[in-house]
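As structure tokens, the structure follows; a few thoughts come after it.
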Amino acid sequence: QVQMVESGGGSVQAGGSLKLSCAASRLPYVTCMGWFRQALGKEREGVALIFTGSPTTYVADSVKGRFSISQDNGGNTLYLQMNSLKPEDSAMYYCAAARYRSACTMAAIGTRSEYQGQGTQVTVSL
């Protein structure tokens with residue numbers, strides 16, 4: 001059974017940093033892994049993507065220059081480094097993995113990925 005477990009969330013003041021981790025186990029081959037978030041009462045929003053076998057990463061415009069995605073050499077742990085956090089970054093953050101390229105977009109990673117974690121809460125206060 002595939003497991004994806006996020007950690008590293010918490011409460012931080014605006015301008016602070018957090019690093020989220022996602023430990024994946026029993027994951028079959030996937031085309032991409034990524035992070036999405038969902039704030040209370042809002043739709044899921046793709047935050048960052050990384051494609052298997054590619055060093056290229058993608059981040060949403062809303063977090064560009066502040067967030068970065070990476071993974072360990074084995075590809076089993078995914079990270080999201082979040083700097084210069086803003087109150088509007090407050091949300092539940094989820095890691096995800098998708099087998100098909102059609103799910104590997106900012107718009108789709110949160111809704112069409114086959115594998116998702118349970119989430120970790122990030123709260124940013126002024």
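Since the model is a prediction, treat every value here as computed from it, not as a measurement.
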So which atom in [X] and which in [Y] form the shortest heavy-atom distance, rounded to 0.1 Å?
X   : Y    : answer
A98 : A103 : CB-CB, 3.6 Å
L78 : G34  : CD2-O, 3.6 Å
V63 : V47  : CG2-O, 3.8 Å
R37 : S62  : NH2-OG, 3.6 Å

Give a yes or no answer on whether the side chain of [X] reaches the backbone of [Y] with a donor-acceptor pair at less than 3.5 Å.
X   : Y    : answer
S90 : V124 : yes
T52 : V30  : yes
N83 : S17  : no

Group every Ile, Leu, Val, Met, Phe, Trp and Tyr by side-chain heavy-atom contacts under 4.5 Å, then state whether [X] and [Y] land in the same group.
X    : Y    : answer
M106 : F51  : yes
L49  : M33  : no
M92  : V122 : no
W35  : Y79  : no

Could you check if a side-chain atom of N76 sits within less than 4.5 angstrom of a side-chain atom of M4, using non-hydrogen atoms only?
-> no
Do Y93 and L80 come close enough that some side-chain heavy atom pair is under 4.5 Å?
-> yes
At what distance, to the nearest 0.5 angstrom, does CG of L18 lie from CD of Q81?
-> 8.5 Å
Just wondering, more than 12 heavy atoms not from E88 lying within 6.0 Å of its CD?
-> yes
Please, which pairs that meet disulfide bond (SG atoms under 2.5 Å apart) have at least one residue in residues 46-82, sequence neighbours excluded?
-> none
Provide the full list of disulfide bond (SG atoms under 2.5 Å apart) pairs with a residue in residues 92-126, sequence neighbours left out, each pair given once.
-> C22-C95, C32-C104
Which residues share a salt bridge (Lys or Arg N to Asp or Glu O under 4.0 Å) with [X], sequence neighbours left out:
X   : answer
E6  : none
K64 : D61
R66 : D89

Chi angles and distances behind the side-chain contact (heavy atoms from CB on, under 4.5 Å) call for Q71, T77 = CA-CA 6 Å; Q71 62 187 155; T77 304; over 6 Å; no
Under the side-chain contact (heavy atoms from CB on, under 4.5 Å) rule, what do T31 and Y100 come out as? Steps first, then yes or no, please.
-> CA-CA 6 Å; T31 299; Y100 302 105; 5.6 Å; no
Aromatic plane relationship, F36 with Y94 - under 30° parallel, 30 to 60° tilted, over 60° perpendicular = parallel
For residues 108-120, dump all side-chain donor-acceptor pairs below 3.5 Å to protein atoms at least two apart in sequence or in another chain.
unit_1	atom_1	unit_2	atom_2	d
T111	OG1	A108	O	3.4
S113	OG	I109	O	2.6
S113	OG	Q116	NE2	3.0
E114	OE1	R99	N	2.9
Q116	OE1	R44	NH1	3.3
Q116	NE2	G110	O	3.2
T120	OG1	G9	N	3.1

